[in-house]
Each structure stands twice: as structure tokens, then as C-alpha cells.
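For the single chain, residues carry numbers from 1 onward in sequence order.
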Amino acid sequence: MGNCLGSSAKVDSSQRSHTPSASGSSRISSKTSRSSAPSSLNIPSYSEKSNSESLPTPRTESEILLSPYLKAFTLNELKNCTRNFRSDSLLGEGGFGYVFKGWIDVHTLAPARPGSGMVVAVKKLKPEGFQGHKEWLVRLSPLRPAMFNILSLACCLISNLFQTEVNYLGQLHHPNLVKLIGYCLEGENRLLVYEFMPKGSLENHLFRKGPQPLSWAIRIKVAIGAARGLSFLHDAKSQVIYRDFKASNILLDGEFNAKLSDFGLAKAGPTGDRTHVSTQVMGTQGYAAPEYVATGRLTAKSDVYSFGVVLLELLSGRGAVDKSKVGIEQKLVDWAKPYLGDKRRLFRIMDTKLGGQYPQKSAYMAANLALQCLGTDAKLRPKMSEVLATLEQIESPKSASKHYPFEQQTRAVHPGKSPMRQQYSPLNLTPRASPLPSHRQSSRVR
């Protein structure tokens, strides 16, 4: 969800069998495209305690949209709740669509007046968004994009993005997954309605100018929330591999609780004796695990690697890829990895916006955890449940008992320079927060 701004195309070889024809026609029946009431079809609900259950076998788009947990909105209803998609309701815009702020009644989910009822985020997908990203389509088929009608193919890709998102978020329910409230499918219009996340994305808080820096405590809290979400997906009996874990897909509620968004690239994990899932390489450059990029073999440990990158971003305040840097510093992992296991040199990669206000012992534990997640051998990376346990230990008062503001070390390295002593507040943040607030385009794996 949070990936609509600069997201890669969301189709792989196993999904193409469900795509519409080249004409862009949809397989959805008219019965499912205009219904305004939830269906009575019994699809199991997933909660934190129900991960022993299995996801159903692959379903048609029509079956997916019959989930009793989703509201089928009409286009007119969503126009009313967003004030006809007015520009002042716009929360974000990206390559694949727009996100608008809307209001609905808490009980009936009917459109409500602005400022009343429940705030929602309405994502309006636009097939023409693919026009400027033809290079991303190369990996989606053995045929080159030039051999396709790009707009027709774009319609197919949007349909799959829509289908995958609804398939997973329509069934999986967990405190650390963004809640999908409903959808709209009328003609070529595809819209998704989500809970509103007032603090926006982690990416905005780490990399955009304006918001005050996140404190150490908030950073660890965000890491724990995201780890809980991934651990829930990985430990389900029918395992789900998220495949696009990154800072822009981690959204924050009013209390800085982290929730995973955008399941357009999610993939069912291996079953039986299989050790991996073979699929088209898709994701975001800098976050995707190297073995997955090289071979197309996807496992839950690919997500663990991506988590390591985000944990490194939380520690350093730098993005996974930064073209403004020179040489090795362009790629965060390559630059930071040599420092992660060195207590004495760790301060060199820590985010200066923290002003030295963090427990040195906790920072070293987090750095070592990131190093394990980023291991070259995927089999030796920890499971997400183990990552979560370590983060919870880092958050505990005992691990934070010794504070060594690295101002002492910075004095030794930069004599005469006074380090910042201010304790930053995580409050007073981005005023236009949304499930898709990011305007920072990420480079995609090709």
C-alpha cells in the first residue's frame, strides 16, 4: 500500500495465469463490481493467535473480492467521501496512483462529512502510471515490453496488484499489518480503502527534511512492530513471504506503532519438501537479498535480509541506496557492514541526528543483529521470531541501563567539536501523513 509511490510492478510468473487478456478486460463478474454490501462467503479470519490455520488455495479474483471482511464500495461512495477526489484531499501521488484522505461512518461505512466519522485513505490505481516505467516490465515476461501494447499490459499488472493486495490483506489480520477496509471495482476503476495512518511512513521520518528526528526509543519500537508483522507472516502454517520490506512500506499510527503495508509483491512460501519458491526477481534495489537477485530463489530469509537493511537505516539515518554519495557509500550495506561488529568504531555509522543520545550497549546489540540478518549465507540468518526476541531484549530496561553518549568518542576523534546534546522529541511530525506519503522514488531491482 505504502508502495504506490515508486512501486515496482507486482506480477510474477506464477500470477500471470490469473491476469486478464491483453485487451485489459477483467474476469470480475458484474455481480461483484457494484455490490455495496459485504458478502456472506465464509473465509477464515487471521489473527495473531490463528496462524496455525492455512490460507485457502489460489482463488479467482471474483472469489477474492467476496471476503466478508471487506466492504465493496461504489465509485460514487468513494467520490463522496473524498470530496470527489479534490486536490486538497490528496495525500500522496506516485507512479501507480494517488492516495486521498476520506471520511466514512464508523458503523455503516457510508460516506461521511469531512471532519466527522472515521478517517480513511483511498488509493486510486491508475494504469497509465506504468507509461513512464517501461523498463520495469522487462522482467515480467520473456517477451520484451516493445512487443506489448504497454497500456494493455499495464491494466493486467494493475489487476494483479489489486488482486494480490486484497487476497492477503482481506484475510490476514494482525495489529502490525495495515487494515484493508474495502475496495471498489467498477469498469477500469480499481480503488482500495485502508485505515488511515497519521504518522505516515518510516521513510519520511528517517530521510525527509522537516520532521524532527526519531528518538532511539521510538526507533526500537518501530523495529519491534515491524518484526512482529514479519514474524506473523513467516510463522503462519501457510507461510507468506512479504518480498518488499522497506522503510516506505512501514507505516506508523498515532503512537508510532509500526504496521506493514503494500502486499502487492507478497508470495506464498514453499510447501512440502521445497526449500524455496522460484519466481521473477522483483523488489527494491538495496533491500533485496543478494541470493534472491542472483537466482530468483525466494525464501523467508530474503525478508530477514531486507529487515537487516531497514534496521541499518534506523541505526544510521541513511537510505539503502544514496546516489548523492560517492563510491562505496552509495550502498548502505557495503559502507556500514565493516563497522557493525566493532564496538569502538560503531559510532562512525550512527545517525548524528540522535545527538549521541542512545545506550551504547543497546546500539551494539542492534548492530550485531543487523549484521546477522545481512549474512551472505541465507541459511545462517536468524528467523524473524529470533530477531523479534533480540529486539525485545534490546528494548528492556536492563539492556539500556548503561548509557554512553558517544560524545566522549567524538571528542577523541574531533577535538574541539561539541556534539549535540539535545534530546529530540518524536512529536510534531509531518502534517500530511498518509498510508502513501512518500514522494521519494526508490530504485527498483531489474
Side-chain angles (χ1 to χ4, degrees), residues 1-12 14-15 18-19 43-48 51 55-56 58-59 61 63-65 67 69-70 94 96-97 99 121-123 125 157-183 185 190-195 197 201-203 225-236 238-251 258-269 277 279-280 282-284 287-288 298 300 302-303 306-307 310 384 434-436 438 442 444:
M1 176 175 64
N3 195 20
C4 186
L5 305 181
S7 169
S8 62
K10 315 279 190 182
V11 180
D12 56 41
S14 67
Q15 293 173 317
H18 299 291
T19 60
I43 295 176
S45 170
Y46 284 76
S47 65
E48 191 171 9
N51 55 11
L55 282 171
R59 303 173 296 156
E61 196 173 35
E63 291 172 329
I64 288 170
L65 297 180
S67 171
Y69 307 105
L70 299 179
F96 298 114
V99 179
V122 180
K123 180 164 72 174
L125 303 177
L157 297 173
I158 282 291
S159 180
N160 277 268
L161 165 62
F162 181 85
Q163 178 177 332
T164 305
E165 186 88 348
V166 175
N167 188 34
Y168 284 107
L169 285 183
Q171 300 177 83
L172 296 169
H173 303 284
H174 186 272
N176 297 106
L177 304 183
V178 167
K179 182 180 180 181
L180 178 64
I181 297 171
Y183 65 91
L185 176 61
R190 283 171 174 59
L191 301 94
L192 295 164
V193 182
Y194 305 90
E195 65 174 310
M197 300 294 285
S201 74
L202 174 62
E203 179 186 61
R228 283 176 180 154
L230 273 185
S231 182
F232 167 73
L233 297 176
H234 289 182
D235 291 344
S238 292
Q239 186 183 68
V240 177
I241 302 174
Y242 188 59
R243 200 161 54 145
D244 201 20
F245 186 85
K246 58 183 179 180
S248 63
N249 282 346
I250 301 172
L251 306 185
K259 301 191 181 189
L260 305 187
S261 69
D262 196 339
F263 278 68
L265 283 184
K267 185 78 176 170
V277 176
T279 181
Q280 296 284 351
M282 304 175 76
T284 304
Y287 293 94
L298 183 69
S302 304
D303 281 348
S306 301
F307 186 90
V310 172
M384 279 311 305
S434 76
L436 298 179
S438 171
S442 302
R444 298 289 158 176

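Taken to the nearest 0.5 Å, the CD atom of Q171 stands 9.0 Å off from the CG atom of L70. How far CG of L192 is from CD1 of I181: 11.0 Å, rounded to the nearest 0.5 Å. K123 NZ to R190 CZ: the interatomic distance, rounded to the nearest 0.5 Å, is 13.5 Å. Put simply, CG on L233 and CG on N176 are 10.0 Å apart, with the number rounded to the nearest 0.5 Å. Atom-to-atom distance recorded for L260:CG and Y168:OH is 14.0 Å, nearest 0.5 angstrom. Note: L265 CG to D244 CG = 4.5 Å, rounded to the nearest 0.5 Å.
A side-chain contact (heavy atoms from CB on, under 4.5 Å) with K259 holds for exactly one of K179, R228, E195; it is E195. Test N167, N249, L177 against F263 for side-chain contact (heavy atoms from CB on, under 4.5 Å) and you get one pass: L177.
Here the closest non-hydrogen pair linking A268 and V277 is O-CG2, 3.4 Å. Shown here for I250 and A258, the closest heavy-atom pair between the two residues is CG2-CB, 3.7 Å.
Proximity of Y194 to V99: side-chain heavy atoms (C-beta onward) are nowhere separated by under 4.5 Å. Within the 4.5 Å cutoff, the side chain of F245 has heavy atoms near those of the L230 side chain.
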ask   = So L298 and R243, side chain to side chain contact (heavy atoms under 4.5 Å, CB included) or not? Walk me through it.
value = CA-CA 8 Å; L298 183 69; R243 200 161 54 145; 3.5 Å; yes
task = Quick one: do Y287 and V310 satisfy side chain to side chain contact (heavy atoms under 4.5 Å, CB included)? Show the steps, please.
result = CA-CA 8 Å; Y287 293 94; V310 172; 3.8 Å; yes
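Among residues two or more places apart in sequence or in another chain, the side-chain contact (heavy atoms from CB on, under 4.5 Å) test is passed with A300 by H234, Q239.
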